[in-house]
Amino acid sequence: MPRPDEQFVHLHVHTEFSMLDGAARLPDLFAEAARQHMPALAMTDHGNLFGALEFYREAQKHGVKPILGCELYVTPRSRFDREELLMPSGGPHGGKKINNASFHLTLLAENLTGYQNLLEIVSRAHLEGFYYRPRADFELLYRHREGLIALSGCLKGQVSYLLTRGERERAYATADLFRNIFGPGRYFFELQANGLEEQRVANRELLSLSREMKIPVVA
């Protein structure tokens with residue numbers, strides 16, 4: 001069995017409840033986590049908490065601590081906005097496509113209050129912010145921030161998106177905004193190892209920004 005300092009916990013996991021984006025069935029996930037002596041496992045499905053109850057029950061069966069979370073879609077504007085979010089697609093068939101109407105942000109519930117706030121955010125994202133996908137905004141995050149820990153997300157997270165396009169000043173300002181929303185020690189830069197060249201650029205820039213801003217990183 002690994003020593004405590006060798007144990008790894010996956011904090012960004014898409015299950016079968018992430019439509020068209022996850023294929024990992026919960027019993028298989030927890031069986032493998034238990035086999036590898038992982039003490040905990042997070043569920044961060046895209047924009048929903050549909051699998052939360054089944055995830056919790058499966059975790060109990062395998063003796064693995066469940067971390068309930070969600071990879072949110074966050075609009076940099078208001079969740080109520082519907083106009084001026086589309087642009088011409090430019091393809092041979094014309095039409096329009098969605099243009100930066102939302103970025104990704106990973107949220108993890110630290111306690112019951114955090115889980116209740118996560119339920120509120122996700123519900124309002126569906127009921128008030130749905131535009132192609134369920135969207136939260138900064139106002140909603142700030143109002144329901146208690147008990148939540150935030151990770152900067154994947155390549156479609158706003159900070160990584162800006163860094164991979166050379167917009168370092170805007171990335172700094174965005175990271176500072178998230179840190180102010182969630183508080184010191186509750187916002188982390190998220191590093192991933194997925195073999196993509198763009199991800200390697202993002203990881204390098206995130207590590208540099210981490211040193212500059214004193215924002216910790218998680219893998």
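Heads up: numbering here begins at 1 and tracks the sequence.
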Taking the side chain as every heavy atom from C-beta outward, state whether [X] and [Y] have any atom pair closer than 4.5 Å.
X: Ser160; Y: Leu206; result: yes
X: Asp45; Y: Asp21; result: no
X: Met43; Y: Phe17; result: no
X: Pro39; Y: Gln7; result: yes
X: Tyr187; Y: Val159; result: yes
X: Arg57; Y: Leu53; result: yes
X: Val201; Y: Leu163; result: no
X: Val74; Y: Asp137; result: no

Quiz item: To which residues is Val9 joined in a hydrophobic cluster, defined by side-chain heavy-atom contacts under 4.5 Å among Ile, Leu, Val, Met, Phe, Trp and Tyr, whether direct or through other members?
Solution: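 Hydrophobic cluster check, Val9: joined to Leu11, Ile67, Leu108, Ile149, Leu151, Phe188, Val218.
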
Quiz item: Between Arg165 and Glu198, does a salt bridge (Lys or Arg N to Asp or Glu O under 4.0 Å) hold up when you go through it step by step?
Solution: CA-CA 10 Å; Arg165 283 153 182 79; Glu198 193 176 19; 3.7 Å; yes

For the backbone of [Y] and the side chain of [X], can you confirm whether one donor and one acceptor N or O come within less than 3.5 Å of each other?
X: Arg82; Y: Arg79; result: yes
X: His14; Y: Thr44; result: yes
X: Ser18; Y: His46; result: yes
X: Arg135; Y: Ser102; result: no

Just wondering, are more than 12 heavy atoms of other shown residues or ligands nearer than 6.0 Å to [atom1] in [X]?
X: His10; atom1: NE2; value: no
X: Tyr142; atom1: OH; value: no
X: Arg179; atom1: CZ; value: yes

Quiz item: Is it true that the NZ or CZ of Arg186 lies under 6.0 Å from the centre of Phe182's six-membered ring and within 45 degrees of the ring axis?
Solution: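 Here Arg186 fails the 6.0 Å and 45° test against Phe182.
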
Practice problem: Using the ring of Tyr73 (Phe, Tyr or Trp, six-membered ring only), decide whether Arg133 places NZ or CZ under 6.0 Å from its centre and within 45 degrees of its axis. | Solution: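 Judged by the rule (NZ or CZ under 6.0 Å from the ring centre, within 45° of its axis), Arg133 counts as positioned above Tyr73.
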
Check ion pair [X]-[Y] (N to O, under 4.0 angstrom):
X: Arg35; Y: Glu32; result: yes
X: Glu139; Y: Arg77; result: no
X: Arg143; Y: Glu120; result: no

Self-check item: Heavy-atom closest contact (Gly69 atom, Leu49 atom, distance)
Solution: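 For Gly69 versus Leu49, the nearest heavy atoms are O-CD2, 3.3 Å.
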
Quiz item: Can you name the nearest heavy-atom pair linking Ala136 to Ala125, along with the distance?
Solution: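 Nearest heavy atoms, Ala136 then Ala125: N-CB, 3.9 Å.
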
Self-check item: side-chain hydrogen bond (donor to acceptor under 3.5 Å, both in side chains) involving Arg200 - partner list, sequence neighbours excluded
Solution: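 In terms of side-chain hydrogen bond (donor to acceptor under 3.5 Å, both in side chains), with neighbours along the sequence ignored, Arg200 is linked to Glu197.
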
Exercise. Please identify each residue that fulfils side-chain hydrogen bond (donor to acceptor under 3.5 Å, both in side chains) with Ser208, with sequence neighbours left out.
Key: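 Here the qualifying residues are Arg168.
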
Exercise. May I ask you to decide if the ring planes of Phe138 and Phe178 are parallel, tilted or perpendicular, using 30° and 60° as cut-offs?
Key: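 The rings of Phe138 and Phe178 stand perpendicular, inter-plane angle above 60°.
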
In Å, rounded to the nearest 0.5 Å, how long is the span from [atom1] of [X] to [atom2] of [Y]?
X: Leu140; Y: Ile121; atom1: CG; atom2: CD1; answer: 5.5 Å
X: Asp28; Y: Glu16; atom1: CG; atom2: CD; answer: 8.5 Å
X: Arg170; Y: Leu177; atom1: CZ; atom2: CG; answer: 12.5 Å
X: Asn117; Y: Leu107; atom1: CG; atom2: CG; answer: 10.0 Å

Exercise. May I ask you to check whether Phe30 and Phe55 place their ring centers less than 6.0 Å from one another?
Key: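 Yes - the distance between ring centres of Phe30 and Phe55 falls below the 6.0 Å cut-off.
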
Quiz item: Of the options Glu190, Gln158, Glu71, which is the one that meets His104 in a side-chain hydrogen bond (donor to acceptor under 3.5 Å, both in side chains)?
Solution: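 Only match with His104 under side-chain hydrogen bond (donor to acceptor under 3.5 Å, both in side chains): Glu71.
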
Self-check item: Common cluster, Leu41/Phe50, ILVMFWY with side-chain heavy-atom separation under 4.5 Å
Solution: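 Linked, Leu41 and Phe50 end up in one cluster.
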
